[in-house]
**Q** 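Have a look at this one before I ask anything.
This is a predicted model, so every value here is computed, not measured. We use all heavy atoms of the structure for the numbers below, so side chains are in, but hydrogens, waters and symmetry mates are not. Residue numbering restarts at 1 for every chain, and letters A, B, ... go by the order of the sequence lines.
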Amino acid sequence: MSGYDEMEKRWQAEWSRMKLDNAERDAGKQKFTIIFAYPGVTGFLHVGHLRGYTYADAIGRYKRMTGHNVLFPVGTHATGNGAITLASRVSNKDPDFIDYLIRNGCPEEKLEDLKDPMKVVDYFNTVYVNDYWKRFGFLADWRRFTCTVYPDYEKFIQWQFRKLNEQGLLIQKPYYSPACPVHGPVAVDASETDISKGGNAEVQEYTLLKFKRGNEYLVAATLRPETVYGQVCFWVNPDVEYVRIKNGSETWIVSKEAAEKLQLQIDGITVLSAIPGKEMIGWMCEAPMIHKEVPVLPASFSDPNVGSGLVTSVPSDAPDDWISLEALKKDPAFAMRYGLSESLVGSIVPVSIISIEGYGEFPAKDVIDSMGITQPGDPRLDEAKKQVYKDGYHMGRMKDVCGPFSGMRVEEAKDKMKQAMLDAGEAGIFYDLTEEVVCRCGMPVRVKRVDDQWFIDYGNDDLTERTSEHCRGMEIYPPEFYENVHSTLNWFRERACVRQGNWLGTKFPLDEKWTIEAISDSTLYPLYYIISLYANDGRISPENMTEEFFDHVALGKGDVTEVSKNTGVPENILNDIRGDVEYWYPLDINLGGKEHMTVHFPVYLFNHRAILPDWMQPKGILVNWYITGKKNKISKSKGGAQPIPGAVEQFGVDALRLYYAHIASMFVDVEWNEDSVMMYRQRLDRIMGTVGELLSSDQSDEKKDIDEWLISRFNGYSASIKAAMDRYDLRQAATAVYFEMLNDIKWYGRRGGNSKAAVREALRIWIPLMAPVTPHIAEEMWSLAGFGGLVSSSQLPAAGPVSGSAEYREEFIREVMSDISQIRKVTSADPKKIFLYTSPSWKTNVMRMGLEMMDSGTLDIPSLTKRCMMDEELRKNGKAVTEFVKKAVTDLSRATGSKRDATETDEYSLLVSAKGFLEEELGAKVEVFSSDSGSIYDPQNKSRAAVPGRPAIYLE
RNA sequence: GCAGGGGUAGCCAAGCACGGAAAAGGCGCAGGACUUAGGAUCCUGUUCUUAGUGAUACAAGGGUUCAAAUCCCUUCCCCUGCACCA
């Protein structure tokens, strides 16, 4: 129990009472609009998610305190089948899931409700807003909250798609998508939201090779159509039952499983009859492209679930083929069992077709040999296959035996040969998943052809170009993303934007049998936060939100009176909305997790560019990396991380916020670690304790040097922190605020600083700087200091002047102390007396001359020496001067600033004034001498080592 | 496959974009102070060397430069994201 609960809630209530969270248009103030990419409603969030959100709030708060009118709206994304899945798990009384809900604080009586997907959405919306964002002290404009499945939001999305259509950016074409027979298209991805198995599967394109035998075809599926010139035989699994199928006018033979898959991809396929694999062994069939008769041989590796279940054999470049052929040759008895004569098997010789640097005639053999694989079925064959494939693809060249493709690079030949066979009717295309995928409902997921799939045409050159161009003028962090966002935009092709099946989401306006897919309905939405305000309080309703309405408020089209008449929205409301849009748009910052670099951000940019005018184009993007779990990622679905309410209770909100802000740069992943958060908790305790002491201790009105130092330092921080915050570098800012400034305050006290005025001035600088990241404690201390008002609504004071000399003088003292303790350490002595000798003034003079020459660019050892020797006084000291000049010149060429200060500081009186302090700190008597003065106590002649900025030291 | 990031002290992590003083800050560790029993706090130290102002480091190896963790090249090793998943 942190005990901060009460304080946090008190200030949150106060901010709310003062309406700090509401964003209202104010023409006299510069606006700043920021959002974070809203989360999907898929369950409880964990501490990792708050990282990005916290950045957004801290930035918003900082902007508020630097003269901006800030709009920071939030929402959620419920499109998809997440809520449906959750609801069905509740309906099915899935014990794990029920337990998960209860454990995360869902009241038991709520469960009945959650059988309804929309209630699930509502429930989690409440949790996100109240338990996470409000609890974290965010100053978001809650009135604008929206969710992608709200009827008004859907109107907006439909409008957006009409606009895309007007631009000619919606296109239709066939598409191959993983689909469940019951639920339609499903997402196959590592998070396994839609599916229960096979998250790593990918859709792969196979080339179907047709091997003619009489009037039917044995159909093999291959990933390597470029190897057809190396075909020497054909593999059939003798233990598998295959089927004849009718495809148009042709009869094909494939595995039963493949037939089922093909039916989803090719119309009119019917199964004719079964045929055991055994029966086919020994057949001869004509290989495509090369038109040679090849024998059908038995192979156990031929899997009915993969591809067509039949495999063409290219031993030269396929390790499986090579090893299986070898095995067959070595075991004539086995071959005989299938009626294969030894001479037939023996006559099959691999054909070398691809030359790859570093490989011999038969790449497959080379890999097998180097990996030490000796028989079929070795699990490493998979790896061997990948190796040969990869090297062949990138470095390979087709050999002379490859007809018209001879000499081509494999990369190029692959497509050309595939196309040639397709054109000749010798091949087909088939899509399959790389591993078994099972839907949440238990049905197998297969690749299905969808004929009239709609796409958004992100491949459009003009759009890509204009979007890319706009990005050059944006503020995009990290810089790497600024650089490579262009290649991401270029890489984008058509993207399927609608889907069918049991999904929550907006109906596609051009054809309502489709539902708009989850990424596509979340591209232009920041704009909707401006309008949602009016929808949420009932000033407008979904029925009002026609195309004309959005054209007017978003694009400024049409005449208000006319639009008002047609939409039923009063003119003044239309004017207000339009005015808000003109004021708040575009977005200054869109903040999202690193995955969005290739997902949301590109489409966000594209859609803005496609639909909205120049002045509404986005200004900034900020990407945050993740908080990860130990070893593996913490994830929403799999859990493993601390629930947010528990963490809040344990550490307090501000400690968590500071943890996010400071633990690492935004652009690296961080492993979640409770001890680290605790450390930040303690640091905040220390700061509050220190400030409390400062406020309660007796202070004087007396002015001291150290006061000037403190204020100078704080002014310096104030400026550098603002600079850091302007770059959104919260970490650097936090280092200064929570570490360096505290250290300085401590040093100030140690040096005897206790001026009431200086302390108050320092706190007026310091506390507001804490407000963006740790607003609750900042507010608490602000009020404790009696500064009046809320620090959260105050403005950061302008940074005052920095005194270089005050800071140098203090640095000088610290270095003297450091040198003394250094000497003490090496001598392990415990001196009773410490003698300090400041530099003789002739050295200071030499240094000054050096600085002058440096300024005029004429500094070097001989010139400075010469100049010194012209001086009567210096010449007396000839040898020492030459030596010092050497040193001074090297020093000066490294760092000039501190040397300049050194020549301008009266070190003797500075040390004398610090004498008391030094004696106390060092626990010894301190004597200060100037090397210039005639009679000094210096038994070891240490004083000759003294230089400006570095007094000599003698311990005794 | 496509695209991108990184290797700095025992650990985390700044700095590298605009090359110029062992390299911020934190953690950990060691000593001390304090005074308590707190997941305290405060000092000091933490590459080596040395009565200090010296030497040497930034994955490895080359190069450019008066000067490189920072720029260029090569090699090795890690990591991340990738479209109907948000």
**Q** Expected output is a numbered-order residue list: members of residues 484-494 of chain A with a heavy atom under 4.0 Å from any atom of RNA chain B. What is it?
**A** Asn484(A), Trp491(A), Phe492(A), Arg493(A)
**Q** If I take atom OG1 from residue Thr523(A) and atom CG from residue Leu605(A), how far apart are they, to the nearest 0.5 angstrom?
**A** 10.0 Å
**Q** For RNA chain B, what are the stems built from at least three Watson-Crick or G-U pairs in a row, each pair having both distances below 3.5 Å?
**A** B:1-7 with B:76-82, B:10-12 with B:25-27, B:28-33 with B:41-46, B:59-63 with B:71-75
**Q** Would Lys594(A) and Asp669(A) pass as an ion pair if we require N to O under 4.0 Å?
**A** yes
**Q** Please work out if Ala518(A) contacts a base, only the sugar-phosphate, or nothing of the nucleic acid, heavy-atom cut-off 4.0 Å.
**A** sugar-phosphate
**Q** I need the Ile823(A) CD1 to Ile953(A) CD1 distance, nearest 0.5 Å.
**A** 4.0 Å
**Q** Which listed nucleotide (rC43(B), rC82(B), rG39(B)) is nearest to the side chain of Lys746(A)?
**A** rC43(B)
**Q** Between Asp938(A) and Lys942(A), is there a side-chain N and carboxylate O pair less than 4.0 Å apart?
**A** no
**Q** May I ask you to say whether Asp452(A) pairs ionically with Lys513(A), meaning some side-chain N is under 4.0 Å from a carboxylate O?
**A** yes
**Q** Just the atom pairs and distances: protein N or O near nucleotides 24-29 of chain B's N or O, under 3.5 Å.
**A**
unit_1	atom_1	unit_2	atom_2	d
rA24(B)	O2'	Glu740(A)	OE2	3.3
rA24(B)	N1	Arg731(A)	NH1	3.3

**Q** For nucleotides 46-52 of chain B, give me one character per nucleotide, 5' to 3': B if any protein heavy atom sits under 4.0 Å from the base, S if the only such contacts are to the sugar-phosphate, - if neither.
**A** S---BBB
**Q** Is the cationic atom of Arg751(A) (NZ for Lys, CZ for Arg) positioned less than 6.0 Å from the six-membered ring centroid of Phe917(A) and within 45 degrees of its normal?
**A** yes
**Q** Within the structure, does a side-chain N or O atom of Arg750(A) lie under 4.0 Å from either OP1 or OP2 of rU44(B)?
**A** yes
**Q** Which residue pairs satisfy the salt bridge (Lys or Arg N to Asp or Glu O under 4.0 Å) criterion with at least one member in residues 482-497 of chain A, sequence neighbours excluded?
**A** Lys173(A)-Glu494(A), Arg495(A)-Glu517(A)
**Q** At under 4.0 Å between heavy atoms, what does Ser665(A) touch on the DNA or RNA strands: base, sugar-phosphate, or nothing?
**A** sugar-phosphate
**Q** Could you tell me whether the side chains of Tyr738(A) and His662(A) share a donor-acceptor contact shorter than 3.5 Å?
**A** no
**Q** Go through the structure and list residues passing side chain to side chain contact (heavy atoms under 4.5 Å, CB included) with Arg686(A), not counting sequence neighbours.
**A** Arg683(A), Leu742(A)
**Q** Can you tell whether the side chains of Arg750(A) and Glu921(A) come within less than 4.0 Å, N to carboxylate O?
**A** yes
